[in-house]
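Just so we're on the same page: letters track the sequence lines, and every chain starts at 1. Note that this is a predicted model, so its numbers are computed, not measured.
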Amino acid sequence: MVTKGAIILSRGYQMRYSQYFLPTLKETPGDAEVVSHQLMARAGMIRKVAAGIYDYLPFGLRVIRKVENIVREEMNRAGAIELLMPAVSPAELWHQSGRWQEYGKELLRFKDRKETDFCMGPTHEEVVTEIVRGTVRSYRQIPLNLYQVQTKFRDEIRPRFGLMRGREFIMKDAYSFDIDDAGADVSYRKMYQAYRLIFERCGLEFRAVEADSGTIGGSFSHEFMVLADTGEDAIVSCNSCDYAANVEKAELRPAVGQAPAPGMPLGKVATPNLKSIDDVAAFLKETPQKMVKTLVLQNEREETIAVLLRGDRKLNEIKLCNYLDCKHIQLADEALVRKLTGAPTGFSGPIGISCRVIADQDLAVMSDFGLGANEENFHLTGANHGRDFQVEAFVDLREAEAGDECPRCSGKLEAWRGIEVGHVFKLGTKYSEKMHATVLDDQGQERILVMGCYGIGVGRTAAAAIEQNHDENGIIWPMPLAPFQVIVTLLNPNDEAVLAAGEALYTQLLDAGIEVLLDDRDERPGSKFKDADLLGIPLRINVGARGLKEQSFELQERRSGERTMLPIAGAAARIAEQVRAAL
RNA sequence: CGGGGAGUGGCGCAGUCUGGUAGCGCGCCAGUUUUGGGAACUGGAUGUCGCAGGUUCGAAUCCUGUCUCCCCGACCA
């Protein structure tokens with residue numbers, strides 16, 4: 001207990017709110033857009049130091065540690081081995097992989113005093129591959145999965161949303177090494193399973209979705225998406241089977257059957273100033289589904305192409321890039337459209353256009369549709385491919401949306417927004433080949449290691465948890481992530497009976513191994529309630545004179561708001577039990 | 001990088017157009033009364049008005065430059 005003039009090293013001393021460092025904010029900082037950022041700032045978890053760079057204050061750090069520990073336990077259980085690589089790495093390694101050139105400005109580069117180039121590590125394939133090639137020579141040492149939990153730096157063009165998209169952030173990154181493809185697949189599946197367990201343990205609602213493997217060209221990849229309306233990614237999942245994919249990747253089933261034979265002649269109608277599909281369709285008394293829109297695009301090689309889509313569909317640019325084998329594509333500007341079609345934007349069509357024309361696969365079953373006429377203020381009706389114009393190919397080019405048929409079963413797709421908290425990636429030999437990471441197999445043959453890499457955004461996971469678990473009063477932590485499991489609120493710490501009873505409970509809970517914060521501040525109860533709600537600690541025990549008269553504490557659950565009276569005798573044991581049940 | 005907005009006490013903001021020596025709310029400190037959902041009153045502290053130049057008798061305010069932050073877009077293993 002507190003003795004005046006002496007240095008107190010009492011157990012749990014720092015878990016007294018009055019002595020803790022927990023600067024909460026009544027008002028929302030002006031630069032916080034999304035709720036997780038607002039609440040993290042208000043709850044004294046983080047403070048901004050620079051754009052995308054944050055302090056983790058004690059309360060926030062406790063949550064980070066919770067996520068990290070769950071990640072570590074499941075990684076270890078899956079056979080991965082923890083190490084720690086440097087945050088700074090020499091350009092030399094990046095030259096070997098070719099990424100010193102490939103990586104854009106996101107890679108923060110600088111020179112040391114000897115004018116040697118270095119960078120802050122945005123990821124560690126090079127570094128880990130260098131470790132392995134220098135130490136692993138035999139197939140007997142394989143498979144190997146090395147991971148770390150480390151601060152990464154990516155100089156994002158536009159950091160935003162607090163920990164959701166920072167430049168400096170904590171990431172768990174793991175790298176697997178196998179002697180062949182089959183082995184790499186096993187490693188991949190192990191990580192996939194471990195990730196499922198991790199996010200389940202975090203109490204999050206998520207989907208593991210197929211993702212576009214992007215420019216890396218790996219064979220497959222899954223993203224783990226926490227479902228949240230504020231998520232930066234759009235995903236679809238089947239309501240019947242376990243198919244789920246990022247819309248960037250989501251395949252669509254080819255339309256069945258054949259286009260009905262043309263039944264209408266090609267006609268031309270004046271559509272003055274009607275540029276959007278919806279306007280033209282309404283004018284023609286047709287639905288957008290009976291219209292075809294023509295998008296004129298240009299890629300980084302300055303190739304132009306026209307894409308035909310059903311009027312109500314959206315283009316998936318990634319599918320188009322994959323088809324064209326290019327990196328970027330964008331809508332052509334007004335001048336280019338005029339050059340290729342002879343008309344301003346809004347009237348483009350495939351007939352008479354001077355560039356390649358491809359169509360979404362849905363077009364294959366359409367006939368007698370409306371089109372732009374490539375002439376200002378005119379559209380065509382009764383158009384038919386084959387008869388009126390040719391297309392180079394019918395390709396799956398549109399973006400999946402809710403209600404589409406599942407490509408794997410007879411179910412329907414549902415659409416969600418998601419926050420990407422994890423990504424598992426089969427890398428193949430991209431790095432091992434360039435950096436000569438090889439081992440000898442049992443035949444004495446040199447084999448290039450097959451790699452996988454697996455990331456989890458630790459801070460982002462915490463932020464996603466808040467996006468998914470909050471109300472108008474603040475955060476509602478899932479028990480496994482809660483920085484404190486219980487808060488004991490002394491309604492009037494100046495009342496000696498209240499103080500004594502609260503201290504006793506606090507001590508008993510500590511003894512029971514519960515993480516408990518004792519709100520012993522000399523504040524009005526209302527303030528403490530508001531702070532407790534903001535902080536989101538799952539269980540609150542109100543200790544007040546009123547309850548003590550009945551030999552009881554009051555237990556209040558953060559999520560439901562439900563209050564129950566708890567007899568003092570055995571209270572700590574019951575609370576501890578409730579905490580354990582929720583872990 | 002393109003477009004837009006903003007830098008004034010710890011936080012949220014007003015004041016800038018029309019130059020006259022800085023203000024409000026919250027928070028903070030002291031005291032009194034309070035004490036089951038962000039108390040009331042009294043008194044108090046805290047600002048090189050982002051930075052650097054310039055104009056002027058005088059600059060938060062006008063001019064020039066510069067830095068930072070935010071939003072939209074582009075971009076993003």
P gap between B:rC62 and B:rG7, integer Å: 12 Å
Touch class at under 4.0 angstrom, heavy-atom based, for A:Asp531 against every strand present: base
B:rG50 and B:rG43, which share atom name P, separated by this distance in whole Å: 31 Å
With sequence neighbours excluded, residues passing side chain to side chain donor-acceptor pair (under 3.5 Å) with A:Lys549: none
Set of residues satisfying side chain to side chain donor-acceptor pair (under 3.5 Å) with respect to A:Arg524, sequence neighbours excluded: none
Footprint string (nucleotides 23-29 of chain B, 5' to 3'): B base within contact, S backbone only, - free, heavy atoms under 4.0 Å: --BSS--
Sugar-phosphate, base or nothing in reach of A:Gln556, heavy atoms under 4.0 Å: base
Donor-acceptor pair under 3.5 Å, A:Arg42 side chain vs B:rG38 base: yes
Sugar-phosphate only, base, or nothing, as touched by A:Lys48 at under 4.0 Å among non-hydrogen atoms: sugar-phosphate
Closest-nucleotide 5' rank along RNA chain B - winner of A:Arg165 and A:Leu491: A:Leu491
Base of B:rG37 paired with side chain of A:Arg540 (donor-acceptor, under 3.5 Å): yes
N or O in side chain of A:Arg47 less than 4.0 angstrom from B:rG10 OP1/OP2: no
Shortest side-chain distance from A:Asp533, nucleotide among B:rC70, B:rG36, B:rG37: B:rG37
Test side chain to side chain contact (heavy atoms under 4.5 Å, CB included) applied to A:Thr123 and A:Tyr103, step by step: CA-CA 11 Å; A:Thr123 174; A:Tyr103 228 110; 4.2 Å; yes
Side-chain H-bond candidate by donor/acceptor type, A:Arg558 with A:Asn473, under 3.5 Å: no
Upstream residue (5' side of RNA chain B) when A:Leu25 and A:Pro122 are each assigned their closest nucleotide: A:Leu25
A:Arg301 atom CZ, neighbour heavy-atom count above 12 within 6.0 Å: yes
Separation of the C1' atoms in B:rU68 and B:rG25, to the nearest angstrom: 26 Å
Touch class at under 4.0 angstrom, heavy-atom based, for A:Glu33 against every strand present: sugar-phosphate
Under 3.5 Å on both distances, the Watson-Crick or G-U partner of B:rC62: B:rG54
